[in-house]
Amino acid sequence: MEKKKLLFSAKNITKSFHGTQALKGVDLDVYEGEVIGLIGENGAGKSTLLKIIIGVQPPSSGEMFMHDSKFEPKTPLEANAAGVGMVYQEQSLITNLSVGQNIFFGHEKEFVQLGFVRWRKMYEEAQKVLEAVGSGHINPRKKVIDLNFATRQMIEIAKVVNVTKSANANGKCLILLDEPTSVLNEGEVKVLFEEIRKLKALGHSVIFVSHRLDEVLEISDRVYVYKDGANAGNMPIEEATETKMYEMMVGHESSSEYYKLDKQITPGEEVVLEVKDLGLWGRFKHCNFKLHKGEILGLCGVVGSGKEEICSVICGDEKPTYGEVILKGKPVKYSEPSQALKDGTLLIPKERMYEGIVRGLPVEDNIAMSNTKRLKKNGLVSKKAISNQAEKYIKLLNIKTRGKDELVIQLSGGNQQKVVFARALASEADILILNHPTRGVDVGAKEEIYSLIRDMVAGGKSVILLGDTLDECISMSNRVFVMKDGLITGEFSAAADAKPSQVQIVSMMV
Amino acid sequence: GSQPSETTDTPANSGTVAEDIDYANFTIDPSKIPQEKLDTTLYVATSVRGLENPYIVTITEGMDEFCKYLDSIGQKYEKQVLDSGGSNDVEIDNMKQFAAKAKGNAIAYADPNEAAIAPSLAEAMASSGGYIGTAWNKPDDASPQDYDPNWVIHTSADNVTNGKATAKALFDNMGGKGKVFVIEGMLGNTASIDRVKGFEQALKEYPDIEVAHQDTANWATDQALTLVETWLNDTPDVGGIWCANDNMATGALQALDKKNLKGKVGVTGIDANTDIVEAVKAGNVVATVSSNGYLQSGYTLAICYAAWAGLIDPAQMPEEYRVFLTPAVMVTADNVDSYIAEYVDSVPKMDFAKIFSCKAD
Amino acid sequence: MGKEKLAALSITEEFASKIKADNQKERLTKWAPVFVLIALFLVFSLILGGSFASGSNLVSILNQWAIPLLVALGLTFVIMLGSIDLSIDGTVGMAGSLAAVFVLNSRNGNDMGVWGLFLAVFCSVIIGFIIGTIHVKLKIPSFMVSFAFMNICAGIGLLSYGGKPPTIKDEFIASIAKSSFLEIPIITWVALLVFVLCLYIQECTPFGRHIYAVGTDETIPKAVGINVNKVKIKVFTLAGFCFGVAGVLGAIRLGQGQVSIGADLMFPANAAVVIGGTALTGGKGGVVNTVVGTLIMTVLFNGLTMMGVNPNIKTGVQGLIILIAVALTVKRGSTIISK
Amino acid sequence: MGKEKLAALSITEEFASKIKADNQKERLTKWAPVFVLIALFLVFSLILGGSFASGSNLVSILNQWAIPLLVALGLTFVIMLGSIDLSIDGTVGMAGSLAAVFVLNSRNGNDMGVWGLFLAVFCSVIIGFIIGTIHVKLKIPSFMVSFAFMNICAGIGLLSYGGKPPTIKDEFIASIAKSSFLEIPIITWVALLVFVLCLYIQECTPFGRHIYAVGTDETIPKAVGINVNKVKIKVFTLAGFCFGVAGVLGAIRLGQGQVSIGADLMFPANAAVVIGGTALTGGKGGVVNTVVGTLIMTVLFNGLTMMGVNPNIKTGVQGLIILIAVALTVKRGSTIISK
Ligand SMILES: Nc1ncnc2c1ncn2[C@@H]1O[C@H](COP(=O)(O)OP(=O)(O)OP(=O)(O)O)[C@@H](O)[C@H]1O
Ligand SMILES: Nc1ncnc2c1ncn2[C@@H]1O[C@H](COP(=O)(O)OP(=O)(O)OP(=O)(O)O)[C@@H](O)[C@H]1O
Ligand SMILES: [Mg+2]
Ligand SMILES: [Mg+2]
């Protein structure tokens, strides 16, 4: 292999936030036309480093170089000008503006003539940019609010590509992607990877952060592993295996017990929930299934297959167009999730930032939220009970927090997810709908959560699981239902010793 | 009830007060005021409902004039305008605080925001031993005697009479027949209610006058302008516009002006604002009424001063000197020149020594 | 397999028809304010006969529309930011008072002519700038800053003429109140001119786009390097400009400067903006919506005044109708949080 | 293995030191309103001498405090939701008017005694309930619904006594205005009682916890199974209760029922809530903050009045001081977006 030119390098970067050492001196080198996979447990400092590179935060110490010259961006705009662009983990599109206006947001001046922004020219340019990232089908005049998450992610990428390209036409760019695949389905991930390869072919470089090690293996040229804010090592992709990366991140081997298969139980005959000929106009049709006591029922399907909408109906967030939901033998009709909770059905949403946590409240209140009423003593809420409960779950789920009274917003994303999960446990609902319960959670924590789910069903609860990965869904469930275009297209039994293969299921999904 | 003046424990009841005073001609004799009184800082206040109204400015200027008189006799004093901003509570609170600060050495003229609070204002003053005179509004069943001697007088320029007088002037100007617009003041406000009542009394005497529109403009110029502007579209043949105050008359005039009807349609107001007085002179307004704010506040303070100085004992004063009407001046084309000379171009000459010269006969 | 395809096809069809229905509904809510306006017009024409729809009353409506329109235009941008400006009553009153004391008037010796009007507007612009700057630099909610400035401006206005409202004596300026062009009052033309300016700013400048962005989520424009604080200050300054013009026109209309020119403008303006379809949470709507919203409010007041509704219940009736108008026009949906 | 544990330990230590630094800063801003209150008190005592800090003036401060406190308490919960209630002026005025016409009075033959007062409060509670229900069910912003009800309630109040305000003739009720217990006016005691009730609701009931959650971000409590709509309706009903009590006490204090009892209560109440430290964006603060906030406002008005500030500039001075107070007390930080 020919020796490649160094594009970017970070040397001994540290970052502390009033006393917390988030980065304790990490290094990162990126060569031209290279994709770097950056992995590490939650809170390892990946997002922090990216924020420093893009100029959102300054480093406490250390140096960065871009094209061999010192690189000290003070704003994302400066970073863009030097050819660095970033897709943020949380969406950064302005939903009330059109796609085109978003792509050129902050760069409208380029289209101003005689004091007027020339929208037509902007939309033509936007169309070109979209085509360049393989998303020519998106209409640049559409408002972002009307688009789904995956499409939005593509627009984000188009926006970044455009920003860096136009800023640095001749030089090479560095594009930072912080967990871009967490909201994409398999097809969209493919498109994204193709796009990344195209960029690579043009000599641009990418830093790719993901918790999905298989993706990292697929797309990266080199992998950096961080642990607790320090270098844990880096290696070319040829040397990397999932096991090895796992070891470097966590410090111990991925056990065959990962999904706790030995704890899988055979559910009883008692039906706790039945869905009979259920349909929601334009979303799913004539669906039937039964959930038994102690069962984990996996629902698979690509985005838009209708699996999430079924869950919304069951938990009372939406009303079905036809059909019925029968709970413990009684048909139920909800107009509010609160009614479903009263009957013991609870949904754990996947978008923790927007649906899962109350950011301004401390950890303990977040955990107590769905069972405050039960923590009453003589009509009064017992603060003691709330804090005891919080302490119990912080310990149980190993939530990294300064204490039960820390605001949830101050936790890392993964730990926020654990708080959401703790709340589900605390709610004592007996039917739990878990929508991507391990999204954004690091490998170690995942194991803990799997173990907890097993314990819950052993204790007589029932779970409907929309897995973060197909593997997870298959391995955890007693039965797996596959959905496609609003219909249930397949049903597999998945006993501990007779799991269906991923290939079998994928063939029914797409 | 009043106490017989045999006890000598208060200066007001000591020999300085004669048995039968000729109140009508009572004159302050500065030499009879003890030096210690002159050297005490007297707190002087007028309590009003906001300064955006020119009439209220004349109230405060009346106080200024009276204070010049205090200067002339060597009385030490401090003056203050208490602004309630149109709030009952604030006005009561203001008075309480003013009284508390003065520790009894206080005189005040108050224009109670609503009739109901007049006794509360008097009580606020009475509890600290100061002297207060009220104007315009008080409940029918309350009287200054309820707080002897501190609630010295209550005067009013009779709203019903003023409303009636301007209405009659307007109707006469219209030749006794035609359509009129009626613009009321703020709903529920006593002054507005009484002025409208006067208008209605006049209306009964003129059977050929027809009310085409009636609404409130909340005392505000722009709201009156909008009302008249709108009404003129379905009643272009209106003969006159009666307004419960001059602020609203200004708006009505402006609306007429837009349709070139200024001067052709009669307008009346109440308060004698400068611009309306000029409009009377120009023939665009039929009549307005001056309640003479200078006189109201200036003389009320003078009477309270006499009481504080121990020259008169309010408890001894006959009923007609406790509650009486102050003279209102109706301004029409006939007397507008002399009115301007006396009240607009100058502050009217007032002899505050003759404290009861403010009583209408 | 064939059966499956059929089923698959039909869910796609279902979805397509659902989107269509949604779009139709959205288009309807978008036009709802216009329908409300037309309905109001028809109802009043029916009840009041020709006098309501008469040319002279239409001119009155246009005349009465000018100042609420100006105020609501300024407010629209502020609301699009997700902020609020409570200074209106004070700023408008101050600008009106200052305009009257700057030109030839009955209270003092000034005679700046038309320049006096511009100076008054300029003072209001400055106030807007100060409000925006304090709000942004000290991070005090706009609600509070503007409220404080309502008081401060009312004080300045009162002081400027010391209690006795100055009558405008400048003949040219006084005559503006009566002049019209193409039957439409000059005052209304000025308001329309400001509207065109606002529309231009909203639609044709980067600044206009940035207002939406800041209103939607200000962290995003910040990340792109847009000076969010500058956008906000500019919006409050622009609002100050609109309020200033409103105050000056108000003084011209009255022929007199008074602090009370601004009184009670704020709530109708807010109602107009919301009825027009601009969300109080920011990021949505715009000045065209506001045109319709202010027309609805103006026609409503005009019609009720003509009908001669008993003044005792008039406020109540107004409140009810406003409520109904909002209910009919506000865009709703299960995803929208209304606060 | 041991090394790993050590690392974990050190992170915990780091966290601990971080908490300490954060908490210190937070504690300071938390106490800022109290410092402002003390400072105001000291300044006025210095300027005005003994008369300000005299027993009789303290009693009058307590007296003046009662009604603003009640209004602000009700508003606090609404603001904690992130909503706003503009109905105050109307609801308070209506409750006061109704109270006066229900008891023995100068306008009609009613004589319900103390029950009349309760009935008046109940009417106000109903209004709060209706506001909340319309806001929640029709998804109209609370801003608009409550504004419409301000007009509607003012109308009801006006109609109830038909223009001429009724004087309260019931001797017992009239005497309440003058009675006091332990030198503190009965009216203030009632307000304090309502405060205790609100504190209990905020701190000791699930409902209280839920208000915070809904105010911060309502999608989450919803997903968790809290009936968000019910929480909101309850809050507006509670606010209606507080406003009702304020109106009834206002009528007793005045000896008369009038719609204007409620006039101009809203902005000072808002200012008080914000100065106390409750964020207008919802989710923060509480009734204890409001106690301090209302005290600041009351002491400020009282002191300025005592000083005899020229009324022409008094509004301006008030505005400035409120601004300064907010600047000193509002919690700020780079992460906080102020709108
Ligand atoms: N603004 C901040 N204030 C305080 N601490 C911070 C801040 N940003 C980051 N940290 C600290 O830095 C650590 C690293 O966070 P970072 O977001 O970089 O982790 P990450 O590697 O991206 O984790 P994940 O896999 O969960 O995304 C966190 O544990 C946190 O304690
Ligand atoms: N306002 C804040 N105050 C203190 N710390 C903060 C604040 N905002 C963020 N942090 C810190 O920033 C860190 C990074 O948060 P971020 O959302 O990037 O999570 P993450 O580590 O990327 O998690 P994940 O990979 O699970 O999404 C958190 O660990 C948190 O400690
Ligand atoms: Mg991260
Ligand atoms: Mg993250």
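Letters go in sequence order (proteins before strands), and every chain restarts at 1. Below, each value reflects all heavy atoms present in this structure, side chains not excepted, and no hydrogens, waters or symmetry copies.
- Only the side chain of B/Asn260 comes within less than 4.5 Å of a heavy atom of chain C; its backbone N, CA, C and O stay farther away.
- Under 4.0 Å is where a charged nitrogen must lie from a carboxylate oxygen, and between C/Asp111 and C/Lys169 no such pair does.
- When each of B/Asp222, B/Thr230, B/Asp275 is scored by its heavy-atom pairs under 4.5 Å with chain C, the top score falls to B/Thr230.
- Residue contact with chain C, scored on non-hydrogen atoms closer than 4.5 Å, involves the backbone and the side chain of B/Thr221 alike.
- Checked against the 6.0 Å centroid criterion, the rings of B/Trp242 and B/Phe181 do not qualify as a close aromatic pair.
- Both the backbone and the side chain of C/Leu254 come within less than 4.5 Å of a heavy atom of chain B.
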Worked verdict on B/Lys179 versus B/Ile209 for side chain to side chain contact (heavy atoms under 4.5 Å, CB included)
CA-CA 6 Å; B/Lys179 295 179 182 168; B/Ile209 298 285; over 6 Å; no
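- Here B/Glu65 pairs with B/Lys68 in a salt bridge; the nearest charged N to carboxylate O distance falls below 4.0 Å.
- A donor-acceptor contact shorter than 3.5 Å links the side chain of B/Asn292 to the backbone of B/Leu295.
- The contact between B/Gln214 and chain C is made entirely by backbone atoms, counting heavy-atom distances below 4.5 Å.
- A salt bridge links B/Glu229 with C/Arg253: at least one charged nitrogen is closer than 4.0 Å to a carboxylate oxygen.
- Salt bridge B/Lys197/B/Glu184: absent, no basic N to carboxylate O contact under 4.0 Å.
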Start with the C-alpha distance between C/Leu193 and C/Trp189, add both sets of side-chain angles, then the distance that settles side chain to side chain contact (heavy atoms under 4.5 Å, CB included), and finish with yes or no.
CA-CA 6 Å; C/Leu193 208 70; C/Trp189 279 115; over 6 Å; no
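- Of the listed residues (B/Thr60, B/Thr216, B/Thr250, B/Thr226), the one with the most heavy-atom contacts under 4.5 Å to chain C is B/Thr226.
- Within residues 297-309 of chain C, the residues having any heavy atom under 4.5 Å from a heavy atom of chain B are, by residue number, C/Asn302, C/Thr305, C/Met306.
- Scored by the side-chain hydrogen bond (donor to acceptor under 3.5 Å, both in side chains) test, B/Lys264 finds no partners at all (sequence neighbours excluded).
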